[in-house]
2 protein chains.
Amino acid sequence: MVARDVEAVEARVSAPEDSVSTDRRPRADAVRNRDLLLSAAAAAFAARGADVPLEDIARAAGVGIGTLYRHFPTRDALVEAVYRYEVDVLCERADQLLEEMPPDLALAEWMQLFVRHVATKKGMLSALKPLLSSNPSFSDQTKGRAQAAATKLLNAGVAAGTVRADVDGADLLRAVGGICMSTDQERSEASERLVGLLFDGLRHGAAGSQVSG
Amino acid sequence: MVARDVEAVEARVSAPEDSVSTDRRPRADAVRNRDLLLSAAAAAFAARGADVPLEDIARAAGVGIGTLYRHFPTRDALVEAVYRYEVDVLCERADQLLEEMPPDLALAEWMQLFVRHVATKKGMLSALKPLLSSNPSFSDQTKGRAQAAATKLLNAGVAAGTVRADVDGADLLRAVGGICMSTDQERSEASERLVGLLFDGLRHGAAGSQVSG
DNA sequence: TTGCAAAACGGAGGGAACCTCCGGTATACT
DNA sequence: AGTATACCGGAGGTTCCCTCCGTTTTGCAA
């Protein structure tokens, strides 16, 4: 690995025109098509399960099947990319929510978003589970990012004095995730109610009522 | 159900030739081929996962693909039948073990068999899980039979004074199943060790040390 | 034992989905 | 503006699914 990096650097120094092939900006249509494919795939997986024909996804995205396979060589690669993409969207929403409303409301809203996020992933769960267990780094990365977003929301609430301080992001995700998992099948309103309850608990011991620390 | 039985009996009495079509003994080759298919499918699912081509299974069983589809119209039907079949085998082994050795040893042996049973089902789990959740009666039946076998072993041990009396079949299966599920992937020796530990616990408070009951 | 009708056998073949390959095309750099 | 590079997209080979139907076996009755 180190040797290869050295070679790459030397090549760039001694022959600048070589850097073109190394970090040339991706073509605009490639970027556009990749996004189209990801959102089409996300919709298809959520609506029709994990074994929707890839040709349907390509058609829905308005690209050829060859383009889909160039961007995502295997079905697993597509599933993984969709999952990363949706986790990204969810985490970005955390920042947006914090700008739009007080931290505690942002946290409540985000927890509900998380519930719906998990609900729409039910369909692709059978394809996702092997990926998560066979690829620890992928699992760790997505989990880490979600925890970071949760922690950010919690900390903002703590700083504003509207959320208790003795819960961290990992705990929060475990609790919400557990609720989503335990309420089987199609009953998201139950999940949302339970998460609402959990949120009230988070608000309970906020600020002044915490005596020490 | 009762009404149908009555009709069948009446038909047999009033028109004996009709009984041919109602309860004619299944043809010998049909029975044989069904068994061949079940064992071939069990081996294939265990070795190659749940999405092995059905044509391979038919070939391994030495029958045509048409025969496979007549016996098991859908892939799910085959998976379900294999699962029933293997649960049957496991439960029958419980009776055999009770005849071959003292109850406590039979119980220990059967728990280890159960661990291996679950381990070989890992491959078909992805196909089995939807079946179990979408078909409660199937799930209940197999669970019920396994619990009956476990209870029988436990009771024999209790009667012999070598197994404690405050655990029932459902508890035992939950515990062993939990151990199998928690020890992820390919590490059956860990499961076997934990189950051995559990068994020692079962033996612990046996006979005289139980004061009342 | 023999005949027959019901039931099972097994493979050919149409259809669906997967994935590869390659000629044509758009675009990022000089 | 020119050009090499990367991308586009669909035709087509392969694999698997499942059905259909002519052939063969077998259980039952005379």
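Any value given below was found using the heavy atoms of this structure, including those in side chains, with hydrogens, waters and symmetry copies removed.
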Looking at [X], I'd like to know whether one of its side-chain N or O atoms comes within less than 4.0 Å of OP1 or OP2 on [N].
{"X": "H71(A)", "N": "dC7(D)", "answer": "no"}
{"X": "T67(B)", "N": "dA8(C)", "answer": "no"}
{"X": "N33(A)", "N": "dC7(D)", "answer": "no"}

On DNA chain C, nearest-nucleotide positions of E55(B) versus A30(B): which is more 5'?
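Per heavy-atom nearest nucleotide, the more 5' residue is A30(B).
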Before giving the answer on side-chain contact (heavy atoms from CB on, under 4.5 Å), spell out for I57(B) and F45(B) the whole-Å C-alpha distance, their side-chain angles and the decisive distance to 0.1 Å.
CA-CA 9 Å; I57(B) 293 178; F45(B) 287 146; 4.2 Å; yes
Could you state the [atom1]-[atom2] distance from [X] to [N], rounded to the nearest angstrom?
{"X": "L54(A)", "N": "dG9(D)", "atom1": "CG", "atom2": "C1'", "result": "15 Å"}
{"X": "D35(A)", "N": "dC7(D)", "atom1": "CG", "atom2": "C1'", "result": "15 Å"}
{"X": "L37(A)", "N": "dC8(D)", "atom1": "CG", "atom2": "P", "result": "9 Å"}
{"X": "R59(A)", "N": "dG9(D)", "atom1": "CZ", "atom2": "P", "result": "14 Å"}
{"X": "D51(B)", "N": "dA16(C)", "atom1": "CG", "atom2": "C1'", "result": "17 Å"}
{"X": "L68(B)", "N": "dA8(C)", "atom1": "CG", "atom2": "P", "result": "14 Å"}
{"X": "Y69(B)", "N": "dG10(C)", "atom1": "OH", "atom2": "C1'", "result": "14 Å"}
{"X": "R70(A)", "N": "dA6(D)", "atom1": "CZ", "atom2": "P", "result": "12 Å"}

Between [X] and [Y], is there a side-chain N and carboxylate O pair less than 4.0 Å apart?
{"X": "D56(A)", "Y": "R59(A)", "value": "yes"}
{"X": "R84(A)", "Y": "E80(A)", "value": "yes"}
{"X": "D35(A)", "Y": "R32(A)", "value": "no"}

What nucleotide among dT19(D), dC8(D), dT25(D) has an atom nearest to a side-chain atom of D29(A)?
dC8(D)
Minimum-distance nucleotide (side-chain atoms of I65(B) versus dC18(D), dG27(D), dC17(D)):
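Among dC18(D), dG27(D), dC17(D), the one nearest the side chain of I65(B) is dC18(D).
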Specify the residue among P73(B) and R32(B) whose closest nucleotide of DNA chain D lies further upstream toward the 5′ end.
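Nearest nucleotide further toward 5': that of P73(B).
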Measure across R48(B) and P53(B) and return the closest heavy-atom pair with its distance rounded to 0.1 Å.
NH2-CD, 3.8 Å
Side-chain donor/acceptor contact of R27(B) with base of dT25(D) under 3.5 Å:
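Such a pair exists between side chain and base.
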For A58(B), which contact category applies under a 4.0 Å heavy-atom criterion: base, sugar-phosphate, or nothing?
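No contact at all - A58(B) keeps every heavy atom at 4.0 Å or more from the nucleic acid.
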